[in-house]
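Taking it in order: structure first as structure tokens, then the write-up.
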Amino acid sequence: EPEVTQTPSHQVTQMGQEVILRCVPISNHLYFYWYRQILGQKVEFLVSFYNNEISEKSEIFDDQFSVERPDGSNFTLKIRSTKLEDSAMYFCASSEWTGDYEQYFGPGTRLTVT
Amino acid sequence: DQQVKQNSPSLSVQEGRISILNCDYTNSMFDYFLWYKKYPAEGPTFLISISSIKDKNEDGRFTVFLNKSAKHLSLHIVPSQPGDSAVYFCAASLRGGADGLTFGKGTHLIIQP
């Protein structure tokens, strides 16, 4: 069964450093998403991406964040200058265009900012 | 701003019985609702969804009921199995789910033998 994959599974970085989280969505899917879950809190939407541009973003997704689909398979989330409060699980998701959009999630990347 | 609320942090059910997980929402513009199951250190796994034009959707042991007037939905699992023990998230969306999902805080379901 096709699945969303994410790398790395765990990333440790120092405050102020740039990180890139990578995702490979399900191959025939057209919509891509990033979410995060801070420990003990709920899953929060960051951004959606369709047709090579941002479709929607939340207020969390400020200028420190960017997304890119550098080739036909990868979808990345970049955090330019990490802060302690960016420590969280980051989930990538994708969905196909069928009229109803079930979003399928990857296993997540645990980002720890020290 | 809790637009999607799951008021029960945990629920304990005996194996073989029915599990009922509840979810309330406040935004009447939501038109698509989903349930996800999550194990520790894994991503949410899609279970079942329902469009706002329906009041029930069934898939095997899982049934979701939607009461739009009450802004309430529920997930029924019958019969409950040990492997169902996980955190269950209710999520809602605009535009049929194409937009970002708004999640509840989750309910930890524990199936007891």
Side-chain angles (χ1 to χ4, degrees), chain A residues 1-7 9-10 21 23-26 29-51 54-61 65 67 88-110, chain B residues 1-10 23-27 29-54 57 59 62 64 66 75 86-108:
Chain A
E1 186 175 326
E3 58 184 18
V4 177
T5 59
Q6 292 185 243
T7 54
S9 58
H10 190 191
L21 310 182
C23 167
V24 178
I26 296 172
H29 285 188
L30 300 178
Y31 282 85
F32 314 117
Y33 310 82
W34 283 102
Y35 293 81
R36 77 174 185 190
Q37 185 180 28
I38 295 171
L39 188 64
Q41 298 186 24
K42 57 180 166 181
V43 177
E44 299 174 291
F45 167 71
L46 294 177
V47 65
S48 62
F49 192 84
Y50 170 71
N51 200 25
I54 290 175
S55 175
E56 183 196 13
K57 60 183 180 179
S58 72
E59 57 189 27
I60 302 170
F61 193 88
F65 294 90
V67 288
M89 283 290 289
Y90 286 81
F91 295 107
C92 174
S94 68
S95 69
E96 61 178 327
W97 184 298
T98 62
D100 290 331
Y101 303 88
E102 288 96 20
Q103 296 182 22
Y104 293 88
F105 284 73
T109 293
R110 178 171 297 284
Chain B
D1 176 22
Q2 281 199 73
Q3 295 190 69
V4 177
K5 301 178 189 178
Q6 293 177 259
N7 292 320
S8 299
S10 67
C23 177
D24 297 292
Y25 62 96
T26 57
N27 188 345
M29 299 299 291
F30 287 139
D31 65 358
Y32 196 64
F33 304 89
L34 307 91
W35 283 94
Y36 286 86
K37 172 182 177 180
K38 187 179 183 301
Y39 295 117
E42 294 185 12
T45 300
F46 169 74
L47 278 177
I48 192 167
S49 60
I50 188 166
S51 167
S52 61
I53 62 173
K54 298 182 180 177
N57 189 26
D59 185 1
F62 302 94
V64 56
L66 175 61
L75 174 68
V87 177
Y88 288 77
F89 291 98
C90 171
S93 179
L94 308 170
R95 291 204 306 135
D99 287 350
L101 300 177
T102 301
F103 280 84
K105 289 188 175 180
T107 296
H108 186 193

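Below, chains carry the letters A, B, ... as their sequence lines are ordered, and counting in each starts from 1. For the numbers below, each heavy atom of this structure counts, side chains included, while hydrogens, waters and symmetry mates do not.
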Find out whether B/L101 and A/Y35 are in side-chain contact, i.e. whether some heavy atom of one side chain is under 4.5 Å from a heavy atom of the other. yes
Is there a side-chain contact between A/Q41 and B/F103, using heavy atoms and a 4.5 Å cut-off? no
Gap separating the CD atom of A/E3 from the OG1 atom of B/T45, nearest 0.5 angstrom: 10.0 Å
Honestly, the part of A/E44 sitting under 4.5 Å from a heavy atom of chain B is neither
Does any part of the side chain of B/L34, heavy atoms only, come nearer than 4.5 Å to the side chain of A/Q103, both counted from C-beta? no
Mind checking whether A/Q37 and B/K38 have side chains closer than 4.5 Å, heavy atoms only? yes
Using heavy-atom distances under 4.5 Å, tell me whether B/A91 contacts chain A through its side chain, its backbone, both, or neither. neither
Chain B interface, residue from A/F105, A/F91, A/F45, A/W34 that has the most non-hydrogen pairs under 4.5 Å: A/F105
In terms of side-chain heavy atoms, does B/Y36 have a donor or acceptor partner in A/E102 at a distance below 3.5 Å? no
